[in-house]
Each structure stands twice: as structure tokens, then as C-alpha cells.
Amino acid sequence: PQRLRRLLQGQQRVLLALALEPPPELLLRADGNPLFLEELAGAFGSEGAAIPTTLQALIGARLDALTRTVKRVAQHAAVCGTVFWPGAVGVLTESDDVEASLEELEQRELVHEQEPSTVAGESEWSFKHALIRDVAYGRLSKALRARLHERFARWVAELGAGDSLVEIRAWHLEQAC
């Protein structure tokens, strides 16, 4: 129900923008991509803001507008993948309090909490779209990404899930090389 409500809210914003007859350039620039149209509609409402010409640039601008702490949480969560857990993000950011940042990211419609969690004792979150995750991830240096992948692999190993998460751990260890 909460996930559906968030989806409808995002769609309402796009529908409202369309109902208000946005400039044709917005529709042309989105080129039929609903995520791009939604992002463009949101950016179009920002007074005086230059609207980036690509979806990646638009998402990057949204990430850059975040506070340093919240942006760091988004970027470090992206190392986990499209799906992530506060405990893992806390280990990666070396912070015990990532919940407030996750809530802000949710309010800004970049991530959302989902149920059920695949990790016992952890809430599970995911990026609204894989492209949002990719842009956040791409804004980290390769050296930092490697260190964070190694740290995440250690977190997965400490879960004590046996062989059930061995492929995930192996993939992150490979990315750390």
C-alpha cells in the first residue's frame, strides 16, 4: 500500500505537469521515457534552474542538491546494489545513524522502503529506479568504490547466512579488485 501510494504520488506530479500544458520541449526531451518526464516535470517547477538535457544529468543534479551527508548515504547505498539495507549502509558510511538520510531520500523520491526484507533483522530499501542507483554509484571514485565493495562483502559474510549469499559476496569481492 505505501509503495503504491508513492508510485501514485509520483504519477500525479507528472499528470499535473501535463495537465498544466508544459512547454512542448519537455515532452520532446523526455522522448516517451516516463522516468525522464517525471524528472523533467519536477525540475521544470524549480524557478530559474537550467534543465539538464539528459536523464543522467538531471538525476546527477538532484543528487548534487542533497546535503553532503544525505548524498553520501545515497552513493554508499548504491555500492550495495539496487537493493540495500541500513545496516550495510551504516558500515559503508561508518555511521550508526543513516535512517534520517534514508527518510530524506525517500521524501525526495529517490529510494523507498520495501517489504519483506531478504535480510533478517534489517529493513530493506531500494532505489526508485536502477538508473538513479547507477548515477549515484558513478559519482564515486573507482578507488573508493573498490574499498566500499570490500567492506560490503565483509558485512555480508558477517551476516552468517552460509552459502545463501555467497554469490553476492563473491561479486562484491570481484568488484573490489
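Keep in mind that this is a model prediction, so the values were computed, not measured. Hydrogens, waters and symmetry mates play no part in the numbers below; they use all other heavy atoms, side chains included.
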Student: Would F127 end up clustered with L102 when hydrophobic side chains under 4.5 Å apart are linked, directly or stepwise?
Tutor: yes
Student: Which atom pair, heavy atoms only, marks the closest approach of R151 to L92?
Tutor: NH1-O, 2.8 Å
Student: Of the non-hydrogen atoms in Q114 and S126, which two are nearest, and what is the gap between them?
Tutor: OE1-OG, 3.0 Å
Student: Using side chain to side chain contact (heavy atoms under 4.5 Å, CB included), reason through Y137 and L148 one step at a time and then give a plain yes or no.
Tutor: CA-CA 11 Å; Y137 182 80; L148 293 174; over 6 Å; no
Student: Supply the atom-to-atom distance L144 CG to R139 CZ, rounded to the nearest 0.5 angstrom.
Tutor: 14.5 Å
Student: Can you give me the closest heavy-atom contact between V79 and R133, atom names plus distance?
Tutor: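 That closest heavy-atom pairing would be O-NH2, 4.4 Å.
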Student: Using the rule that Ile, Leu, Val, Met, Phe, Trp and Tyr join whenever any side-chain heavy atoms are under 4.5 Å apart, tell me whether L173 and I168 fall into a single cluster.
Tutor: no
Student: If you group Ile, Leu, Val, Met, Phe, Trp and Tyr by side-chain heavy-atom gaps below 4.5 Å, do L58 and L131 land in one group?
Tutor: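 Yes, L58 and L131 fall within the same hydrophobic cluster.
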Student: Please list all pairs passing the side chain to side chain donor-acceptor pair (under 3.5 Å) test where one or both residues lie in residues 165-177, with sequence neighbours left out.
Tutor: H149-H172
Student: With sequence neighbours left out, which residue pairs that include part of residues 71-83 fulfil the side chain to side chain donor-acceptor pair (under 3.5 Å) condition?
Tutor: D64-K71
Student: Please enumerate all residues that pass side chain to side chain donor-acceptor pair (under 3.5 Å) together with S123, with sequence neighbours excluded.
Tutor: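 Side chain to side chain donor-acceptor pair (under 3.5 Å) list for S123, sorted by chain: W125.
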Student: Can you name the side chain to side chain contact (heavy atoms under 4.5 Å, CB included) partners of E103, sequence neighbours left out?
Tutor: none
Student: Any idea which heavy atoms bring L63 and A74 closest together, and the distance?
Tutor: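 For L63 and A74, the tightest heavy-atom pair comes out as CD2-CB, 4.3 Å.
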Student: Are V89 and V91 connected into the same hydrophobic cluster when the rule is that any two of I, L, V, M, F, W, Y join if their side-chain heavy atoms are below 4.5 Å apart?
Tutor: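 Different hydrophobic clusters.
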Student: Could you state the interatomic distance from CD (E124) to CD (E115), rounded to the nearest 0.5 Å?
Tutor: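 Rounded to the nearest 0.5 Å, the CD-CD separation comes to 10.0 Å.
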Student: Any cation-pi pair here, R154 with F152, using under 6.0 Å and within 45°?
Tutor: no
Student: For E104 and L66, work out which heavy atoms get closest and say how close.
Tutor: OE2-CD2, 4.4 Å
Student: The criterion is side chain to side chain donor-acceptor pair (under 3.5 Å); which residues satisfy it with E150, sequence neighbours excluded?
Tutor: none
Student: Any donor-acceptor pair under 3.5 Å linking the side-chain atoms of S117 with those of E122?
Tutor: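 E122 vs S117: no donor-acceptor pair found between side chains.
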Student: Could you give the distance from NE2 (H129) to CG (D134), rounded to the nearest 0.5 Å?
Tutor: 9.0 Å
Student: Please enumerate all residues that pass side chain to side chain donor-acceptor pair (under 3.5 Å) together with S95, with sequence neighbours excluded.
Tutor: none
Student: Indicate yes or no: at least one non-hydrogen side-chain atom of W85 is less than 4.5 angstrom from one of V98.
Tutor: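 When only atoms from C-beta onward are counted, V98 and W85 do not touch, as no gap falls below 4.5 Å.
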Student: Write down the atom of C80, the atom of V83, and the distance for their closest heavy-atom approach.
Tutor: CB-O, 3.9 Å
Student: Are V73 and V70 close enough that some pair of their side-chain heavy atoms sits under 4.5 Å apart?
Tutor: no
